[in-house]
Undergrad: 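Below you'll find the structure I mean.
Numbering of ligands and ligand atoms starts at 1, following listing order.
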Amino acid sequence: MDMFCYQCEATAKGTGCTLVGVCGKDPQVAALQDLLVYAVKDISRYAHRAGQLGARDRDVDVFMVKALFSTLTNVNFDPARFQGFMDEAAVMKDRAQKLYEKAAVQAKQTVEKLECPVRWWEGRDNLDTLTRKGREVGIDKRTAKLGTTTAGLQELIVYGLKGAAAYADHAQILGREDAQHYAAYHEMLDWLTRQPTDTGELLGRALKVGEINLKAMELLDAANTSTYGHPEPTQVRVTPVKGKCIVVSGHDLKDLEQLLRQTQGQGINVYTHGEMLPCNAYPGLKKYKHLVGNYGGAWQDQRSEFDNFPGAILMTTNCLQKPKGSYQGRIFTSGLVGWPDVTHITDGDFTPVIEAALAAPGFPEDAPAQYITVGFGRNTVMSVAGKVIDLVKQGKIRHFYLIGGCDGAKPGRNYYTEFAEQVPDDCVILTLACGKYRFNKLEFGAIDGIPRLLDVGQCNDAYSAVQIAVALAKAFGVGVNDLPLSLILSWFEQKAVAILLTLLYLGLRDIRLGPSLPAFVTPDVLQVLVDKFAIQPIGTVPADLAATLGAK
Ligand code: SF4
Ligand code: SF3
């Protein structure tokens with residue numbers, strides 16, 4: 001076995017990538033990512049102890065979330081960048097350790113000597129040494145020692161933290177952060193270094209990660225809406241416009257805004273892609289008239305879509321796939337994203353992207369205009385809550401479905417298209433994240449002026465969806481689980497893991513999850529989730545529709 005990774009839904013044979021990642025991650029990068037997570041846990045031991053004594057170092061906090069985010073699926077495939085992270089980690093360990101020791105001395109406490117079995121900070125100038133150490137701390141080694149259930153639950157916690165860290169990083173970039181929030185990650189990572197084995201305790205901790213992620217999404221929601229305003233219903237063009245062009249994918253609103261500023265008056269049209277689609281609905285972004293619409297669909301189609309895109313491409317976060325030679329010279333990465341030999345944009349200077357767009361041919365003519373409507377965040381939906389409630393009371397809206405989550409390449413994902421198509425006409429569909437591309441260009445009509453398909457936004461806007469559900473429950477005087485609402489979720493990477501844990505933390509039951517269940521959740525853990533939360537795998541569309549409509 002050259003590597004072991006089972007953190008995403010695409011994992012080989014549904015059990016683990018062992019030779020090379022289905023995503024394109026090679027054994028070296030897999031080992032470097034495992035070593036980085038190991039290093040972050042080590043650093044958090046000191047940061048947590050320092051924090052308990054009232055001492056913190058913001059740089060350590062920010063590094064911790066960035067490091068975790070960089071190991072998320074489809075973010076960074078560049079060994080050189082991970083070597084750089086390891087160098088930074090060594091600096092941060094030193095700082096966190098000194099911070100803790102100084103605080104302990106000041107508090108007249110005995111300074112704990114913390115042993116670290118694998119000395120990850122040594123031999124950093126040699127990638128082979130780092131890779132070998134990464135293999136020593138691999139998941140397969142822990143599984144052999146602790147068993148599949150314990151190792152899997154520990155990983156569930158780590159993956160949830162990776163997802164939450166992604167959102168915390170976006171929020172931090174826009175100036176929203178919270179010391180206690182960072183402290184919660186450190187505390188959890190410190191706890192993991194004690195190799196906990198009790199299933200009940202591990203599951204309890206996993207729900208606590210759901211709470212951490214709720215806070216991360218709350219911070220990000222505040223960051224996005226305070227910087228760019230509340231999303232508003234917006235018609236987005238989904239067909240090309242004549243002219244030079246840049247397409248922006250990923251999740252980062254600030255990168256898009258900076259690019260829009262820098263391309264003003266340059267005769268370049270900017271398009272969103274994938275999870276950037278909701279950006280078209282933010283007043284602070286849609287005000288740029290050269291943000292002309294959305295190009296393409298979800299991440300897994302990018303290799304053919306980018307191939308056909310006659311301009312420059314910017315990846316601001318996941319999900320990046322191995323670039324084809326045909327566009328390797330005109331794709332760029334920013335933030336934590338990386339691919340070897342792809343130009344990385346630092347310090348928000350997008351000049352290379354603009355130059356590549358100007359050098360490319362652009363679209364020769366306008367395609368026939370076609371639009372979809374987005375922008376149904378909590379503010380918009382709540383502004384029509386009174387009407388929605390009346391329609392429910394009149395029996396005109398029978399049921400709500402939240403059909404959301406990640407998209408992916410597996411054939412079983414047609415379920416979500418078919419489900420949306422077969423939802424009866426008197427039901428409303430809320431959707432979010434990139435899984436919506438399975439059905440967001442279909443016509444769903446409206447119920448007395450309320451559109452039947454409400455696009456709530458990116459995956460992190462699950463926060464908005466939760467707020468909408470809570471407001472509806474309050475208006476009806478019932479619990480969220482008693483609402484005529486069913487959650488039909490698709491997962492792919494670790495942000496979806498974090499969101500699922502948040503929904504479980506909030507006590508939501510009867511969630512249907514697909515297209516397949518996580519490899520790191522063993523049958524006995526799944527049974528606990530079934531018993532406690534009635535979580536279930538997706539079945540057939542007719543059976544799941546009948547069950548959800550009959551149940552409430
Ligand atoms: Fe495999 Fe997913 Fe890990 Fe990539 S991230 S190596 S596809 S399990
Ligand atoms: Fe999609 Fe990667 Fe998860 Fe933000 S872009 S949801 S998969």
Undergrad: Please work out whether the ring planes of Y159 and F520 are parallel, tilted or perpendicular, with thresholds of 30° and 60°.
TA: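 Perpendicular: the ring planes of Y159 and F520 meet at over 60°.
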Undergrad: List every atom of ligand 1 that sits less than 4.0 Å from any heavy atom of Y6, numbering the atoms from 1 in the order shown and giving each element.
TA: 8 (S)
Undergrad: Could you verify whether a donor N or O on one side chain and an acceptor N or O on the other, from D252 and H170, lie under 3.5 Å apart?
TA: yes
Undergrad: Rounded to the nearest 0.5 Å, what separation is found between the CG atom of L508 and the CZ atom of F533?
TA: 9.5 Å
Undergrad: With heavy-atom distances below 4.0 Å as the criterion, list the atoms of ligand 2 near H251.
TA: 4 (Fe), 5 (S)
Undergrad: Hey, mind stepping through Y282 and H230 against ring-ring contact (aromatic ring centres under 6.0 Å, His included) and telling me if it holds?
TA: CA-CA 6 Å; Y282 283 89; H230 280 278; 8.6 Å; no
Undergrad: Could you identify the single nearest non-hydrogen protein atom to atom 5 (S) of ligand 1 and state the distance to 0.1 Å?
TA: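 Looking at atom 5 (S) of ligand 1, the protein heavy atom closest to it is T73 OG1, 3.2 Å.
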Undergrad: For atom 3 (Fe) of ligand 2, how many protein N, O or S atoms come closer than 2.8 Å?
TA: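 The number of such protein atoms is 2.
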Undergrad: Checking Q235 against T373: is there a side-chain donor and acceptor pair closer than 3.5 Å?
TA: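 The answer is yes; a qualifying pair exists.
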Undergrad: Once you restrict to heavy atoms under 4.0 Å, what part of Q458 touches ligand 2? Side chain, backbone, both or neither.
TA: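 It is neither part, as no heavy atom is under 4.0 Å.
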Undergrad: Would you please say whether a donor-acceptor pair under 3.5 Å links the side chains of N294 and T272?
TA: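 Yes - a donor-acceptor pair under 3.5 Å links their side chains.
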Undergrad: Under 6.0 Å between the ring centres of F69 and Y167?
TA: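 No; Y167 has its ring centre 6.0 Å or more from that of F69.
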Undergrad: When F85 is tested against each of L35, L336, T71 for side-chain contact (heavy atoms from CB on, under 4.5 Å), which residue passes?
TA: L336
Undergrad: Below 4.0 angstrom from a heavy atom of C23, which ligand 1 atoms are there? Numbered from 1 as shown, please.
TA: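 The list of qualifying atoms is 4 (Fe), 5 (S), 6 (S), 7 (S).
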Undergrad: Under a 4.5 Å cut-off applied to non-hydrogen side-chain atoms, are F444 and I429 in contact?
TA: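 Answer yes - side chains close enough.
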Undergrad: At less than 4.0 angstrom from any non-hydrogen atom of M3, what atoms of ligand 1 do you find?
TA: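 Close to M3: 6 (S).
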Undergrad: One pair to check against ring-ring contact (aromatic ring centres under 6.0 Å, His included): F419 and Y401. What are the steps and the verdict?
TA: CA-CA 10 Å; F419 197 103; Y401 284 98; 5.2 Å; yes
Undergrad: Using heavy atoms and a threshold below 4.0 Å, how should the contact between E493 and ligand 1 be classified: side chain, backbone, both, or neither?
TA: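 E493 to ligand 1: no contact under 4.0 Å from either part.
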Undergrad: Which atoms of ligand 1 sit under 4.0 Å from any heavy atom of G21?
TA: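 So the answer, numbered in order with elements, is 6 (S).
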Undergrad: Out of all atoms in ligand 1, which are within 4.0 Å of some heavy atom of C17? Include the element for each.
TA: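 Taking each heavy atom of C17 in turn, ligand 1 has 1 (Fe), 6 (S), 7 (S), 8 (S) under 4.0 Å.
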Undergrad: Among all protein heavy atoms, pick the one closest to atom 2 (Fe) of ligand 1 and tell me residue, atom and distance.
TA: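 Checking every protein heavy atom, the shortest distance to atom 2 (Fe) of ligand 1 gives C8 SG, 2.3 Å.
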Undergrad: Should the pair H181 and Y185 be assigned to parallel (<30°), tilted (30 to 60°) or perpendicular (>60°) ring geometry?
TA: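 Taking Y185 first and then H181, their aromatic rings stand perpendicular (interplane angle over 60°).
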Undergrad: Please confirm whether F309 and Y295 have ring centers closer than 6.0 angstrom.
TA: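 They qualify: ring centres under 6.0 Å apart.
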Undergrad: Below 4.0 Å from ligand 1: does a non-hydrogen atom of E9 turn up there or not?
TA: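 No.
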Undergrad: Show me which atoms of ligand 1 lie under 4.0 Å from any heavy atom of C5.
TA: 3 (Fe), 5 (S), 6 (S), 8 (S)
Undergrad: Could you tell me which atoms of ligand 1, counted from 1 in the order shown, lie closer than 4.0 angstrom to a heavy atom of T11?
TA: 8 (S)
